[in-house]
Peer 1: 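Structure below; questions to follow.
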Protein chains: 2
Amino acid sequence: MFVPMARAATTSDVFNAIAEPQRREILVLLRAGERPVTELAQELGMTQPGASKHLRVLREVGLVRDRKAGKQRLYRLDARELRPVHEWTGGFERFWNESFDRLDAYVQDLKQARRRSDRWQRQDGKRRRSQRRPTARS
Amino acid sequence: MFVPMARAATTSDVFNAIAEPQRREILVLLRAGERPVTELAQELGMTQPGASKHLRVLREVGLVRDRKAGKQRLYRLDARELRPVHEWTGGFERFWNESFDRLDAYVQDLKQARRRSDRWQRQDGKRRRSQRRPTARS
DNA sequence: CAAACATATGCCGATAACGGCATTCGTCAA
DNA sequence: TTGACGAATGCCGTTATCGGCATATGTTTG
């Protein structure tokens, strides 16, 4: 028998944790320093239990730590686990710098070819290369 | 009446797209160059429809583009949308470099204080600071 | 046109995600 | 101990996700 499963063993990894906008917002807020749950909930415009649940997820992947302070529980950032994400995306850096796009490369080639041939035949007063943007999505 | 919604308007942003291990894997595979769906499906150990669906998600957030090549459809990487993620995580860099941890900061302070006081009283041959790494997850 | 091949889409089942509410748990103070 | 307060947990309803299968769509070739 087949046992289908949703999102395999994904749950509870860092990529998943930061896929939630509210959780990202929490991390951003925590850059300013420790904060109790209620305060965070308020800034996020959600209920306290809601915030607590997000904080749980963040805690479980190690992005956040908590310490007791009286009856409060102060959460603070622990960004170390964000590093793998940074590095993973960094592995694609050359693809967004270096002409990632065949089209770009192609256009560059055309330009070069033009320049070369221009040196040989100097006629053709017409405007060459008429803003190639093909109407771009409408 | 209340209309609860799951993951708000999250769906279909880049963070969500790369939250899926298989989709990350696809991106990695595509670094090597264009690839048809079937090939990807095979390397991922999943069915062709499965791969197609992941590719759809990636396409919708702009991480991937496709071009027709005969009866095949070749997918290629377009990593530009990965940049925002890289930059967002980069915004936390100082928290994992610079003593993110109060404990570390504390230890640093201790070291400094020691050094200072050492200049005044030169005793205490004991080892100071015993590798504070707190057992790291087991 | 039909057959063969490559992809996309639709449907389904199982499960996870999110948010709110009610409630429990834990801690401090009177 | 009781009351007040902060935070966590449980439950529920709604929606999304993921995977597989069957099927549709599209393209090339005979």
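Throughout, protein chains are lettered first and strands after them, A, B, ... in sequence-line order, and every chain is numbered starting at 1.
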Peer 1: Atom CD of A/Q42 and atom P of D/dG6: how far apart are they, to the nearest Å?
Peer 2: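 Whole-Å distance recorded here is 11 Å.
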Peer 1: Within the 4.0 Å heavy-atom criterion, would you say A/P49 contacts the bases, only the backbone, or no part of the nucleic acid?
Peer 2: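 Base contact.
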Peer 1: Out of C/dG19, C/dT7, D/dC18, which nucleotide sits closest to the side chain of B/H54?
Peer 2: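 Comparing C/dG19, C/dT7, D/dC18 against the side chain of B/H54, the answer is D/dC18.
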Peer 1: Rounded off to whole Å, could you give me the CZ-to-P distance for the B/R24 and D/dC18 pair?
Peer 2: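 That distance rounds to 11 Å.
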Peer 1: Looking across every strand, which nucleic acid part, if any, lies under 4.0 Å from B/Q48 by heavy atom: base, sugar-phosphate, or nothing?
Peer 2: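 Here B/Q48 touches the bases of the nucleic acid.
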Peer 1: Quick check on salt bridge (charged side-chain N to carboxylate O under 4.0 Å, His left out): which of A/R73, A/R65, A/R67, A/R76 does A/E34 satisfy it with?
Peer 2: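 Checked A/R73, A/R65, A/R67, A/R76 against A/E34; only one passes salt bridge (charged side-chain N to carboxylate O under 4.0 Å, His left out): A/R67.
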Peer 1: It should be established whether A/Y75 places a side-chain nitrogen or oxygen under 4.0 Å from OP1 or OP2 of nucleotide D/dA8.
Peer 2: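 So the side chain of A/Y75 is within the cut-off, an N or O lying under 4.0 Å from OP1 or OP2 of D/dA8.
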Peer 1: Please verify the inter-ring angle class for B/W88 with B/F15; under 30° counts as parallel, over 60° as perpendicular, anything in between as tilted.
Peer 2: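 Rings of B/W88 and B/F15: perpendicular, over 60°.
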Peer 1: Let me know the distance between CE of B/M46 and C1' of D/dG20, rounded to the nearest Å.
Peer 2: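 Interatomic distance, CE of B/M46 to C1' of D/dG20: 10 Å.
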Peer 1: May I have the distance from B/L44 (atom CG) to C/dT7 (atom P), rounded to whole angstrom?
Peer 2: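 Going from B/L44 (CG) to C/dT7 (P), I get 14 Å.
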Peer 1: Classify A/G50 by what it touches in the nucleic acid, base, sugar-phosphate, or nothing, heavy-atom distance under 4.0 Å.
Peer 2: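 Nothing, no nucleic acid heavy atom in range.
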Peer 1: Given C/dT9, C/dA17, D/dG20, identify the nucleotide with an atom nearest to the side chain of A/N16.
Peer 2: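 Closest nucleotide among those given: C/dA17.
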Peer 1: With respect to the phosphate group of D/dT9, does any side-chain polar atom (N or O) of A/S52 fall under 4.0 Å of OP1 or OP2?
Peer 2: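 It does not, given that no N or O in the side chain of A/S52 lies less than 4.0 Å from OP1 or OP2 of D/dT9.
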Peer 1: Quick one: pull up CZ in A/R56 and OG in A/S12 and give me the separation to the nearest 0.5 Å.
Peer 2: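 Those atoms lie 9.0 Å apart.
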Peer 1: Would you mind telling me which of C/dC18, C/dC11, C/dA8 lies closest to the side-chain atoms of B/K53?
Peer 2: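 Of C/dC18, C/dC11, C/dA8, C/dC11 is nearest to the side chain of B/K53.
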Peer 1: Looking only at non-hydrogen atoms, find the nearest pair between A/Y75 and A/L30 and report the distance.
Peer 2: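 Closest pair (atom of A/Y75, atom of A/L30, distance): O-CD2, 3.5 Å.
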Peer 1: Taking the nucleotide of DNA chain C with the nearest heavy atom to each, does A/T47 or A/K68 sit closer to the 5' end?
Peer 2: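 Upstream on the strand: A/T47.
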Peer 1: Without decimals, in angstroms, what is the distance between A/E20 CD and C/dA16 C1'?
Peer 2: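 These atoms are roughly 13 Å apart.
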Peer 1: Whole Å only: how far is the NZ atom of A/K71 from the C1' atom of D/dA4?
Peer 2: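 A/K71 atom NZ is separated from D/dA4 atom C1' by 6 Å.
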Peer 1: In whole angstrom, give the distance that lies between atom CD of B/E39 and atom P of C/dC5.
Peer 2: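 Distance, rounded to whole Å: 17 Å.
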Peer 1: Rounded to the Å, how far apart are A/D66 CG and C/dT27 P?
Peer 2: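 The distance from CG of A/D66 to P of C/dT27 comes to 13 Å, rounded to the nearest Å.
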Peer 1: Of the nucleotides D/dC18, C/dA8, D/dG20, which one has an atom closest to the side chain of B/R73?
Peer 2: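 Out of D/dC18, C/dA8, D/dG20, the nucleotide with an atom closest to B/R73's side chain is C/dA8.
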Peer 1: Among C/dC18, D/dG6, D/dG19, which nucleotide has an atom closest to any side-chain atom of B/Q22?
Peer 2: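 Out of C/dC18, D/dG6, D/dG19, the nucleotide with an atom closest to B/Q22's side chain is D/dG19.
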Peer 1: Please determine, by modelled atom types, if B/T38 and B/Q42 share a side-chain donor-acceptor pair under 3.5 angstrom.
Peer 2: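 Note: B/T38 and B/Q42 side chains miss the donor-acceptor criterion.
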Peer 1: State which of D/dC5, C/dC5, C/dT9 makes the closest approach to the side chain of B/R56.
Peer 2: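 Minimum distance to the B/R56 side chain belongs to C/dT9.
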Peer 1: So which of B/L27, B/V14, B/V85 actually passes side-chain contact (heavy atoms from CB on, under 4.5 Å) with A/T89?
Peer 2: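 It is B/V85, the one option of B/L27, B/V14, B/V85 that forms the side-chain contact (heavy atoms from CB on, under 4.5 Å) with A/T89.
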Peer 1: Is the shortest side-chain N/O distance from B/Q72 to OP1 or OP2 of D/dT27 below 4.0 Å?
Peer 2: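 Indeed not, no polar side-chain atom of B/Q72 lies that close.
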